[in-house]
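We count residues from 1, following the sequence as given.
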Amino acid sequence: MTRFLLPLLTLFFLAGCGEEKPLATVKQVDLERYAGTWYEIARLPQWFQRGCYNSTATYSLNDDGTVKVINRCQRQGEENSEAEGTARVVADSGNARLKVRFDNWVSRLIPTITEGNYWIIALDQNYQTVVIGEPSREYLWILARQPQLPDDQYQALVQVAESKGFPVEQLERNRDLRPATP
């Protein structure tokens, strides 16, 4: 049940409501270079990710120009969670703004309500680190191609997010989310 409810609720909250402040994105994203697996380094806390650690997002290109999204996370004492979705590029965004919809019965019934904003607000030139956010500043993820980042790189990405108005003092770093080993 959680497997199906999590993607639905994620997108409901990502869709947001009300007036949003402008949020600048990167100018251009090469989706072929962006494809592959990214490791979650840090995130703003979200109830739908409570207990998640070792989270990853894997992207691949579909023939129709959309992007396949597979989000995975581990939770102590449970099987790994997996959510599959599709992202479509927002026109005239240089591939930096995507609308993501996870595959479940509600998204098939009311697709526009279940689309979430996925905006690439920082991306290094080698496609090794990325910061994803959305205009309400309630959602933020720092991802990397490796499961860990040196602290100076991490702090630089946090500073980028802070400069764009995100509440970085609330960030949860993935390495701190892992359960203690006996």
Least distance between heavy atoms, [X] atom then [Y] atom:
X: Ala42; Y: Leu171; answer: CB-CD2, 4.3 Å
X: Thr25; Y: Ile120; answer: CB-O, 3.2 Å
X: Gln49; Y: Ser55; answer: NE2-OG, 4.3 Å
X: Ser93; Y: Val90; answer: OG-O, 2.7 Å
X: Leu143; Y: Glu40; answer: CD2-CA, 3.5 Å
X: Leu140; Y: Ala161; answer: CD2-CB, 3.7 Å

Sub-3.5 Å donor-acceptor pair from the side chain of [X] to the main-chain atoms of [Y], do we have one?
X: Glu134; Y: Ser136; value: yes
X: Lys164; Y: Ala24; value: yes
X: Asn95; Y: Val29; value: yes
X: Arg137; Y: Pro135; value: yes
X: Glu32; Y: Ala35; value: no

- Considering residues at least two apart in sequence or located in another chain, which fulfil the ring-ring contact (aromatic ring centres under 6.0 Å, His included) criterion with Tyr39? none

Atom pairs and distances, donor-acceptor, side-chain atoms in residues 122-130, under 3.5 Å, two or more places apart:
{"from": "Asp124", "atom 1": "OD1", "to": "Gln128", "atom 2": "N", "distance (Å)": "2.6"}
{"from": "Asp124", "atom 1": "OD1", "to": "Thr129", "atom 2": "N", "distance (Å)": "2.6"}
{"from": "Asp124", "atom 1": "OD1", "to": "Thr129", "atom 2": "OG1", "distance (Å)": "3.3"}
{"from": "Asp124", "atom 1": "OD2", "to": "Asn126", "atom 2": "N", "distance (Å)": "3.1"}
{"from": "Tyr127", "atom 1": "OH", "to": "Asp30", "atom 2": "N", "distance (Å)": "2.8"}
{"from": "Gln128", "atom 1": "NE2", "to": "Asn126", "atom 2": "O", "distance (Å)": "3.2"}

- Is there a donor in the side chain of Thr37 and an acceptor in the side chain of Thr58, or the other way round, less than 3.5 Å apart? yes

- Which pairs, with at least one residue in residues 146-162 and sequence neighbours excluded, count as a salt bridge (Lys or Arg N to Asp or Glu O under 4.0 Å)? Asp151-Arg173

- Between Tyr59 and Tyr118, what is the ring plane arrangement, given parallel below 30°, perpendicular above 60°, and tilted in between? perpendicular

- Between Glu172 and Arg43, is the closest basic N to carboxylate O distance under 4.0 Å? yes

- Message: Return the CG to OH distance between Leu98 and Tyr34, rounded to the nearest 0.5 Å.
- Response: 7.5 Å

- Item | Point-to-point distance, once rounded to the nearest 0.5 Å, from CZ of Arg75 to OG of Ser81 | 4.5 Å

- Message: Working note: Glu115 + Arg101, criterion salt bridge (charged side-chain N to carboxylate O under 4.0 Å, His left out); need CA distance, chi angles, decisive distance, verdict.
- Response: CA-CA 5 Å; Glu115 280 189 321; Arg101 181 173 55 89; 5.2 Å; no

